[in-house]
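Here is the structure we will look at, set down as structure tokens.
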Amino acid sequence: MKRTLGTCYYPEHWPQEIWDEDATRMAEAGLTWVRIGEFSWSKLEPSPEELCWDWLDQSIESLGSKGLKVVLGTPTATPPRWMTERHPDMFAVDENGHVRGFGSRRHYCFSHQGYFAESQRITRLMAERYGANPHVAAWQTDNEYGCHDTVVSYSDAAGYAFQTWLQQTFSGDIEALNRAWGNVFWSMEYRSFSEVGLPNLTVTEPNPAHVLAFKRFSSDQAVAFNRAQVDIIKEYSQAPVAHNYMGRVTDFDHFKVGSDLEIASWDSYPLGFLEDRAGATVAEQQKFSRQGDPDFQALHHDLYRAVGRGRWWVMEQQPGPVNWAPYNPSPLPGMVRLWTWEAFAHGAEAVCYFRWRQAPFAQEQLHAGMLRPDSQDAPAIVEARQVAKELQEAQDVQPAQADVAIMFDYDADWAWSTQPHGAGLSYFGLILDYYKALRRAGLTIDILPPDRRDFSGYRMVLVPGMMHVPDDLKTALADCSAEVLLGPRTGARDQHFNMPTTPLPPAFPNFDVTVSRLESFRPDLPRPLVGGGAAIRYQEELESGAEVVLRSEAGAKVAVRSGRLMYCGSWLDAEGMDRLIAIAAEAAGLALRMLPEGVRTRRTATEEFWFNHCAEPVETEVGLIQAAGVVRRPI
Ligand code: GAL
């Protein structure tokens with residue numbers, strides 16, 4: 001397959017006289033894809049039912065005539081002002097009961113039936129008009145579900161829909177809900193589903209089972225909203241449909257949305273994420289301030305490869321300083337190229353830069369593009385041209401199954417955030433810490449969805465923190481031939497957020513380990529391990545007759561192993577994590593090579609990529625790699 005580049009373009013922002021020239025320059029830069037349309041509703045339908053397609057017809061024609069392929073976005077992330085007059089109650093409501101109003105984007109509630117129908121209506125109009133257009137080669141639904149905290153809404157519409165959802169989930173049996181949630185506690189019992197409210201504005205903590213159910217419901221609403229658009233597009237178009245996911249947005253189950261789409265894509269802003277959500281320490285933020293976290297993007301590449309069942313893109317790639325993080329530096333020269341190649345090394349089919357030209361108006365004036373606002377080249381286009389040339393000259397990337405897999409479960413993230421038990425305890429954070437340790441050890445990783453039961457081909461499978469582990473998954477893990485690493489909190493709750501008692505967690509077949517007590521503690525009070533490293537933030541007391549592979553200086557069993565199953569009951573610091581991974585890898589027969597800080601590798605079927613995320617050259621086993629350097633080596 002030929003890997004390709006693209007950009008995100010807003011023809012409606014620019015005079016029509018420059019569209020052809022823009023398209024010519026895109027094609028000359030070696031771009032293939034141009035995503036358009038996703039925020040253009042007020043231009044397509046300035047007033048209710050008054051449709052203006054001419055400009056979009058011409059823009060698609062202008063791009064297509066230069067050989068560019070269009071990704072057409074449905075505009076439903078930005079309903080126009082008149083829409084909010086037609087449906088005054090369509091806004092989402094936040095946890096404090098405040099209405100999230102008009103004037104930016106994503107101002108709708110997934111549960112509002114009137115808006116749901118409007119989203120179907122505009123999608124049908126667009127699909128009817130462009131479904132057979134030869135230049136429209138892919139579609140994007142909406143834009144970044146969940147960004148700006150927009151999945152969960154406490155609106156009246158959500159409240160009614162939640163009651164219906166519960167009624168279906170519990171087959172109309174309110175006593176079953178009361179039992180499953182433990183509502184005898186604090187006299188929370190209900191007599192009917194119409195009595196069940198939303199889990200906000202309570203005096204103190206709401207019932208965690210109620211909260212978790214509401215998160216699951218909210219995710220299902222996003223899935224249904226997306227599916228309704230996809231079903232309509234499919235009636236008119238053969239082109240693949242994608243959605244552009246975000247970094248560290250976990251409020252809906254991306255695997256479920258992804259199962260309705262051909263392609264998963266995501267929006268990669270490495271410098272924004274470093275400041276905003278990668279959980280980097282101050283020292284790491286300083287060291288990688290112009291390069292981004294060396295693992296955060298890679299984790300998402302692997303996650304979205306799984307969400308797309310192998311087919312995935314970067315729909316938006318940071319091209320220069322962004323406008324939304326606490327600090328917004330320029331990428332180090334070479335990083336735009338490195339980020340692009342790293343995505344390809346992880347199997348991306350396409351990488352599109354956001355955005356073509358920097359906008360001199362409205363919210364994102366301080367967000368760089370491939371062109372400056374005066375249409376001169378910005379640094380990103382120079383690096384994009386270089387990648388385009390390299391893509392033409394180099395052999396294609398041949399993706400292959402990795403040796404190591406981590407299971408990722410959105411439901412577990414909701415369970416952790418429902419009752420974290422201590423500051424800083426998050427499922428995503430735990431997965432990221434494990435992922436980083438695997439990458440420091442030079443491993444190539446696949447992410448697996450939680451419904452995966454076949455682990456053949458993997459030497460090591462990690463299932464940390466998956467709160468609810470169905471019995472058939474426990475059996476599949478216990479029976480597989482990989483070394484399996486579990487914990488902390490793997491199997492800690494049943495499906496309704498109750499703690500299993502007979503036996504206590506984790507309760508895996510033929511694995512003699514029980515969590516008899518657990519505690520969280522301050523991150524500045526680490527519990528040292530014998531031989532180096534420490535438990536931080538969280539520790540389980542393990543009762544086990546199995547071999548102890550990590551022990552604390554205080555004598556506690558930190559990790560135990562029996563057969564091919566290993567359980568670690570603590571959150572470990574980096575040194576402890578490196579030791580844990582080394583023990584599991586040795587048992588799995590995997591050779592490790594500890595990489596220099598900021599250097600990362602990824603293996604494909606035919607070669608190994610090396611990336612230097614540091615701002616200075618680094619000596620490695622494949623020689624000196626320049627700052628922001630990329631090396632490809634046949635294997
Ligand atoms: C993304 C979004 C784009 C743009 C970009 C700025 O989240 O999809 O429309 O706002 O961020 O970095």
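Any value given below was found using the heavy atoms of this structure, including those in side chains, with hydrogens, waters and symmetry copies removed.
For the side chain to side chain contact (heavy atoms under 4.5 Å, CB included) test with Arg3, the passing option among Val397, Val351, Val387, Thr340 is Val397; the others fail.
For the salt bridge (Lys or Arg N to Asp or Glu O under 4.0 Å) condition, no pair includes a residue of residues 240-250, sequence neighbours left out. Evaluation of the salt bridge (Lys or Arg N to Asp or Glu O under 4.0 Å) test over residues 451-463, restricted to residues two or more places apart or in two chains, returns Arg453-Asp472. Counting only residues at least two apart or on different chains, the side chain to side chain donor-acceptor pair (under 3.5 Å) pairs with a member in residues 317-339 are Arg337-Glu390. Here salt bridge (Lys or Arg N to Asp or Glu O under 4.0 Å) pairs that include residues 231-242, with residues two or more places apart or in two chains, are Arg124-Glu235, Lys234-Glu262.
Of all non-hydrogen atoms in Tyr236 and Ala127, the two that sit nearest each other are CB-O, 3.3 Å. Pro319 approaches Val336 most closely through the heavy-atom pair O-CG2, 3.7 Å. Closest heavy-atom contact between Phe611 and Ala345: CZ-CB, 3.8 Å. Looking at every heavy atom in both residues, Pro329 comes nearest to Ser289 through CG-O, 3.3 Å. Between Ala343 and Val314 the shortest heavy-atom distance is CB-CG2, 3.9 Å. Summarising the geometry of Ala77 relative to Phe39, their closest heavy-atom pair is CB-CE2, 4.2 Å, with the distance given to 0.1 Å.
Formation of a donor-acceptor pair under 3.5 Å by the Asp253 side chain with backbone atoms of Tyr410 is not found in this model. Side chain of Thr281 to main chain of Glu284: a donor-acceptor pair is present (N/O by atom type, distance under 3.5 Å, no hydrogens or angles). At distances below 3.5 Å, not a single donor-acceptor pair connects side-chain atoms of Thr32 with backbone N or O atoms of Thr4. In this structure, Arg309 contributes its side chain and Gly258 its backbone to a donor-acceptor pair below 3.5 Å. Between the side chain of Gln358 and the backbone N or O of Gln365, at least one donor-acceptor pair lies under 3.5 Å. No donor-acceptor pair closer than 3.5 Å links the side chain of Trp313 to the backbone N or O of Ile263. One N or O on the side chain of Tyr435 and one on the backbone of Ala298 form a donor-acceptor pair closer than 3.5 Å. Panel note: side chain Arg290, backbone Leu271; no donor-acceptor pair is recorded below 3.5 Å.
The distance from the CD atom of Glu383 to the CE atom of Met370 is 10.0 Å, given to the nearest 0.5 Å. The CG atom of Leu68 sits 8.5 Å away from the OG1 atom of Thr24 when rounded to the nearest 0.5 Å. With rounding to the nearest 0.5 Å, the separation of CE in Met466 from CG in Leu430 is 13.5 Å. With values rounded to the nearest 0.5 angstrom, Asn612 atom CG is found 8.5 Å from Met335 atom CE. Here the OG1-CG distance, from Thr74 to Leu44, works out to 10.5 Å after rounding to the nearest 0.5 Å. With rounding to the nearest 0.5 angstrom, the CH2 atom of Trp139 is 4.5 Å from the CG atom of Leu72.
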Side chain to side chain contact (heavy atoms under 4.5 Å, CB included) for Asp396 and Met1? Distances and angles first, verdict last.
CA-CA 7 Å; Asp396 187 25; Met1 165 201 295; 4.0 Å; yes
Using the rule given for side chain to side chain donor-acceptor pair (under 3.5 Å), can you reason through Glu38 versus Gln140, listing the C-alpha separation, both sets of side-chain angles and the distance that settles it, and then say yes or no?
CA-CA 8 Å; Glu38 83 279 12; Gln140 174 185 297; 5.3 Å; no
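Judged as a salt bridge (Lys or Arg N to Asp or Glu O under 4.0 Å), and not counting sequence neighbours, the contacts of Asp578 are Arg440. Every side chain to side chain contact (heavy atoms under 4.5 Å, CB included) that Pro360 has, sequence neighbours left out, goes to Trp14, Pro373. Residues meeting the ring pair (Phe, Tyr, Trp, His ring centres under 6.0 Å) test with Tyr245, sequence neighbours left out: His243, His254, Tyr304. Here Asp54 pairs with nothing under the salt bridge (Lys or Arg N to Asp or Glu O under 4.0 Å) rule; sequence neighbours left out. By the side chain to side chain contact (heavy atoms under 4.5 Å, CB included) test, Ser375 is found to be paired with Arg25, Arg357, residues two or more places apart in sequence or in another chain being considered. By the salt bridge (Lys or Arg N to Asp or Glu O under 4.0 Å) test, Asp142 is found to be paired with Arg106, residues two or more places apart in sequence or in another chain being considered.
For the residue pair Gln229/Thr76, the side-chain donor-acceptor check at 3.5 Å is satisfied. A side-chain N or O of Asn226 and one of Thr141 form a donor-acceptor pair less than 3.5 Å apart. Asp57 and Tyr130 are linked by a side-chain donor-acceptor pair at a separation below 3.5 angstrom, with hydrogens and angles left out of the test. Under 3.5 Å, the side chains of Glu483 and Tyr458 contain no donor-acceptor pair of N or O atoms.
The existence of a salt bridge linking Arg385 and Asp377 is confirmed by a sub-4.0 Å separation between a basic side-chain nitrogen and an acidic carboxylate oxygen.
In summary, the aromatic rings of Phe408 and His300 are positioned with their centroids too far apart to meet the 6.0 Å limit.
Aromatic ring pairs are classed by plane angle as parallel below 30°, tilted from 30° to 60° and perpendicular above 60°; the pair Tyr269 and Phe273 is perpendicular.
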Donor-acceptor list for residues 613-624 side chains, cut-off 3.5 Å, not counting sequence neighbours:
residue : atom : partner : partner atom : Å
His613  : NE2  : Glu342  : OE2          : 3.4
Glu616  : OE2  : Lys287  : NZ           : 3.2
Thr620  : OG1  : Val622  : N            : 3.1
Thr620  : OG1  : Gly623  : N            : 3.4
Thr620  : OG1  : Gly623  : O            : 2.7

For residues 626-633, tabulate all N or O donor-acceptor pairs below 3.5 Å that involve a side-chain atom, not counting sequence neighbours.
residue : atom : partner : partner atom : Å
Arg632  : NE   : Glu607  : OE1          : 3.0
Arg632  : NH2  : Gln395  : O            : 3.0
Arg632  : NH2  : Glu607  : OE2          : 2.7

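With a 6.0 Å radius and a threshold of 12 heavy atoms from other residues, nucleotides or ligands, Gln398 has its CD atom above the threshold.
Under the 4.5 Å side-chain criterion, counting only non-hydrogen atoms from C-beta, Phe288 is not in contact with Asp293.
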